[in-house]
*Asks:* 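Structure in structure tokens, see below.
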Number of protein chains: 2
Amino acid sequence: MTVAAAAGVSPMTVSKVLRGTGRISLATRQRVMQVADDLGYVPNGLAGALSSQSSQIVGILIPSIGDMVYSGVLAGINAVLVPKGFSSFIGETFFDPENEARLVRTVLSLKPSGLILTGGLERTGATMHVLRQSGVRCVQLWDGDRPDLDATVGLSHRAAGRAAADIFLSRGLRDACYVGAQLDRDLCAARRLEGFRQRLEEAGGRCRVLADDALPRDVVTGEALTAALLAEGPPPEAIHYLNDAMAIGGLRALLAAGVEVPGRTSVIGFNGTSLRHAIQTRLTTLEVPLHEIGARAAQALLQPGEARTDLVDFQIVAGTTVRP
Amino acid sequence: MTVAAAAGVSPMTVSKVLRGTGRISLATRQRVMQVADDLGYVPNGLAGALSSQSSQIVGILIPSIGDMVYSGVLAGINAVLVPKGFSSFIGETFFDPENEARLVRTVLSLKPSGLILTGGLERTGATMHVLRQSGVRCVQLWDGDRPDLDATVGLSHRAAGRAAADIFLSRGLRDACYVGAQLDRDLCAARRLEGFRQRLEEAGGRCRVLADDALPRDVVTGEALTAALLAEGPPPEAIHYLNDAMAIGGLRALLAAGVEVPGRTSVIGFNGTSLRHAIQTRLTTLEVPLHEIGARAAQALLQPGEARTDLVDFQIVAGTTVRP
DNA sequence: CGATTTCATGTTATCGTTACCACTTTGGGT
DNA sequence: ACCCAAAGTGGTAACGATAACATGAAATCG
């Protein structure tokens, strides 16, 4: 427009110069670039995307940005996407299907190149319908137990729960407790609990559950719930926490109550965040390759192919909170 | 289009129904909604924004999503923006002005309703030029020492550094050290150091600096740098860390080396993240109201007015790592 | 030296929506 | 019976870019 006039060429030529397509003489190219810079001109991406029928946007929906787990995955996604010239449009669902539905519409209205959704919630029928109609390629993250959409990259949370139980059982610990929060919404965490409890009960153990659906899944809640647990009666032999943050809070409560860890009670967290580096204690936890999940999900998004399920492995990170 | 045909009305009527504008009879409205739902129709937001010359997008540029500090601010922003129907387009600058320049262009090309940038980096001239030409309202976050753009919401990092120094000085501690990372890029952290050092030297103290510009600002780096510091010679009386994560790492190194905290060495972190809840120790730190900064920035963005600087206060969170 | 190819640029139609106004009907009010 | 407001709906022309093709000039060729 203005740029074209100022450079004495047609809008078409400006478009070509700015995108580096077509054959433009060096002189013209330099002149247009100069004028565009001087004018502080930024092409209207809305018009460009509308016209070319494709935006370089990828939609990413995660439960919460504040949760280190998902921001770790996000970093992995961006590490793949950004170098290829995509920008990511991030939305927070807070585990709420209605929220997800709203965000899916918002993102789809931007005609994205692809969509990455997080599993672990009960997607509404409307959401699925809209996704399918859009024709946009969709990848599901995180929940590997129930693959969905065009591809899935995640882990088996049920298996993770069983693995935690196995660690306890191998130490002869059978009286366990699972401490979490928001299990009503976070179906992945619920499935970890399920695996954990199943495995324990198969081996003749038992598993209490302490969870509050209204509290955040952080250090403070971990401490409060554990304190409540200890007030009820004698401490369990083993506690598995929903995440590392809650586990750290739990350890505070245990130590405050004089419960020896791991002498009296063993503790396992989940996810291997930086919180596991507690000062004196080192939390035993299951580590999930967050960055890798993100990177592989981004790759799965970019290379169209048949529906595929890509299960990543978690690792046991040995700390000092489980007895030998 | 298809919806209009299927409902037997004009595209114009569909547009009105879906946006809830204009006068449409109840019967028509219901029929159109029904058809749209059945078809899984999502309006093309690109075309809509192009036509109406306004998108409901707000651009937010922060150094890193993985850093709890900025994701805390982000939460505050979203708490204000999302209920008003805005969606946020988030970009990560990693403290790099060129990255910021690229992202600013990307966001502006989406014709956003507003832009929230994080201060603490040397913005390029081109970025400033493009921002001004765009006419989009811009708010600067975080860096309150050097207000910029249409409004600024943040804190004085210099004052925060001085406050940390004052705490040490009031305990008679004069031999201090500042431990950080990436001070070349993060000008806010550099300014905290400056305030810290100035205040100490005014009072006849001294301040060593230990920083590595290549390492991440996390627990592991905090531990490594502190271990290096202790290997060099006797421990300083006081250490101020760039953030809580590094401080926690530092405490590990100090305890591992048998340095009594706070008996021999006192420690102050910065930012009051959940990491401060270490298991036995409770880190003394300066707490910044992250959520509030975000919320106020979002409000400043929405209510146009003259350029304003909104300085928030930090608080000293007493822990057990500074001697009485 | 005419025919063909290459290079550099311009023309036109289109993407899907909305702003703005025009149009038809209906239901009073006088 | 006539007029006028309100209610409901549709037509038209943007919005700013690009895909696809068209054009003219310069270069190459047999």
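Below, each value reflects all heavy atoms present in this structure, side chains not excepted, and no hydrogens, waters or symmetry copies. Order of the sequence lines sets the chain letters (A, B, ...), proteins ahead of strands, with each chain counted from 1.
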*Asks:* I'd like to know whether CE of Met33(A) has more than 12 heavy-atom contacts from other residues, nucleotides or ligands below 6.0 angstrom.
*Replies:*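 Count not over threshold, so no.
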
*Asks:* Assign each of Ser10(B) and Val42(A) to its nearest nucleotide of DNA chain D by heavy atoms, then name whichever residue's nucleotide is nearer the 5' end.
*Replies:*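 Nearest nucleotide further toward 5': that of Ser10(B).
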
*Asks:* Once you round to the nearest 0.5 Å, how far does CG of Leu131(B) lie from CZ of Arg123(B)?
*Replies:*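 Here the interatomic distance stands at 7.5 Å.
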
*Asks:* Counting only side-chain N and O atoms of Thr13(A), is one of them less than 4.0 Å from OP1 or OP2 of dA8(C)?
*Replies:*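 Answer no for this pair, as no side-chain N or O of Thr13(A) is under 4.0 Å from OP1 or OP2.
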
*Asks:* Using whole Å, report how far CD1 of Ile24(A) lies from P of dA8(C).
*Replies:*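 That distance rounds to 8 Å.
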
*Asks:* Ignoring backbone atoms, establish whether Tyr41(A) has a side-chain N or O less than 4.0 Å from OP1 or OP2 of dG16(D).
*Replies:*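 No, because none of the side-chain N or O atoms of Tyr41(A) sits under 4.0 Å from OP1 or OP2 of dG16(D).
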
*Asks:* Starting at atom CG of Leu18(B), determine the distance to atom P of dT17(C), rounded to an integer number of angstrom.
*Replies:*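 In whole Å, dT17(C) P and Leu18(B) CG are 9 Å from each other.
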
*Asks:* Between Ser25(A) and dT9(C), does any side-chain N or O lie under 4.0 Å from OP1 or OP2?
*Replies:*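 The answer is yes; a side-chain N or O of Ser25(A) sits under 4.0 Å from OP1 or OP2.
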
*Asks:* Between Thr124(A) and Pro97(A), which heavy-atom pair has the shortest distance, and what is it?
*Replies:*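 Closest approach of Thr124(A) to Pro97(A): CG2-CB, 3.9 Å.
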
*Asks:* Identify, between Lys16(B) and Ala47(B), the residue whose nearest nucleotide on DNA chain C lies closer to the 5' end.
*Replies:*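 Its nearest nucleotide lies further toward 5', so the answer is Ala47(B).
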
*Asks:* Would you say a side-chain N or O of Thr28(A) is under 4.0 Å from OP1 or OP2 of dT9(C)?
*Replies:*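 Yes, because at least one side-chain N or O of Thr28(A) sits under 4.0 Å from OP1 or OP2 of dT9(C).
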
*Asks:* Find the distance Asn44(A):CG to dC15(C):C1' and express it as a whole number of Å.
*Replies:*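 Going from CG in Asn44(A) over to C1' in dC15(C) covers 13 Å.
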
*Asks:* Quiz question: going by heavy-atom distance under 3.5 Å, is there a donor-acceptor pair between the base of dT17(C) and the side chain of Ser51(B)?
*Replies:*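 Answer yes: a donor N or O sits under 3.5 Å from an acceptor.
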
*Asks:* If the cut-off is 4.0 Å, is Gln53(A) near the phosphate of dA17(D), judged by side-chain N/O to OP1 or OP2?
*Replies:*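 So the side chain of Gln53(A) is outside the cut-off, no N or O lying under 4.0 Å from OP1 or OP2 of dA17(D).
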
*Asks:* Does a nitrogen or oxygen in the side chain of Arg19(B) sit under 4.0 Å from OP1 or OP2 of dT18(C)?
*Replies:*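 So the side-chain polar atoms of Arg19(B) do come within 4.0 Å of the phosphate oxygens OP1 or OP2 of dT18(C), strictly under.
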
*Asks:* Out of curiosity, Thr93(B) OG1 to Leu103(B) CG, how far, rounded to the nearest 0.5 Å?
*Replies:*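 Going from the OG1 atom of Thr93(B) to the CG atom of Leu103(B) covers 7.5 Å.
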
*Asks:* Given that Leu26(B) and Met12(A) both sit by DNA chain D, which one's nearest nucleotide is further toward the 5' end?
*Replies:*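 With Leu26(B) and Met12(A) compared, the 5'-side residue is Leu26(B).
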
*Asks:* Given atom CG of Leu50(B) and atom P of dG16(C), what is their separation to the nearest angstrom?
*Replies:*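 Rounded to the whole Å, the gap is 12 Å.
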
*Asks:* Any ion pair linking Asp186(B) and Arg217(B) (charged N to carboxylate O, less than 4.0 Å)?
*Replies:*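 Salt bridge between Arg217(B) and Asp186(B), a charged N being under 4.0 Å from a carboxylate O: yes.
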
*Asks:* Just compare dT18(C), dG8(D), dT9(C) and give me whichever is closest to any side-chain atom of Arg23(B).
*Replies:*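 Per side-chain heavy atoms of Arg23(B), the pick is dG8(D).
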
*Asks:* Any base atoms under 4.0 Å from Thr21(B), or only sugar-phosphate, or nothing? Heavy atoms, all strands.
*Replies:*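 Answer is nothing: Thr21(B) stays at 4.0 Å or more from every strand.
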
*Asks:* Roughly, in whole Å, what's the span from CG in Leu46(B) to P in dT18(C)?
*Replies:*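 Between P of dT18(C) and CG of Leu46(B): 12 Å.
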
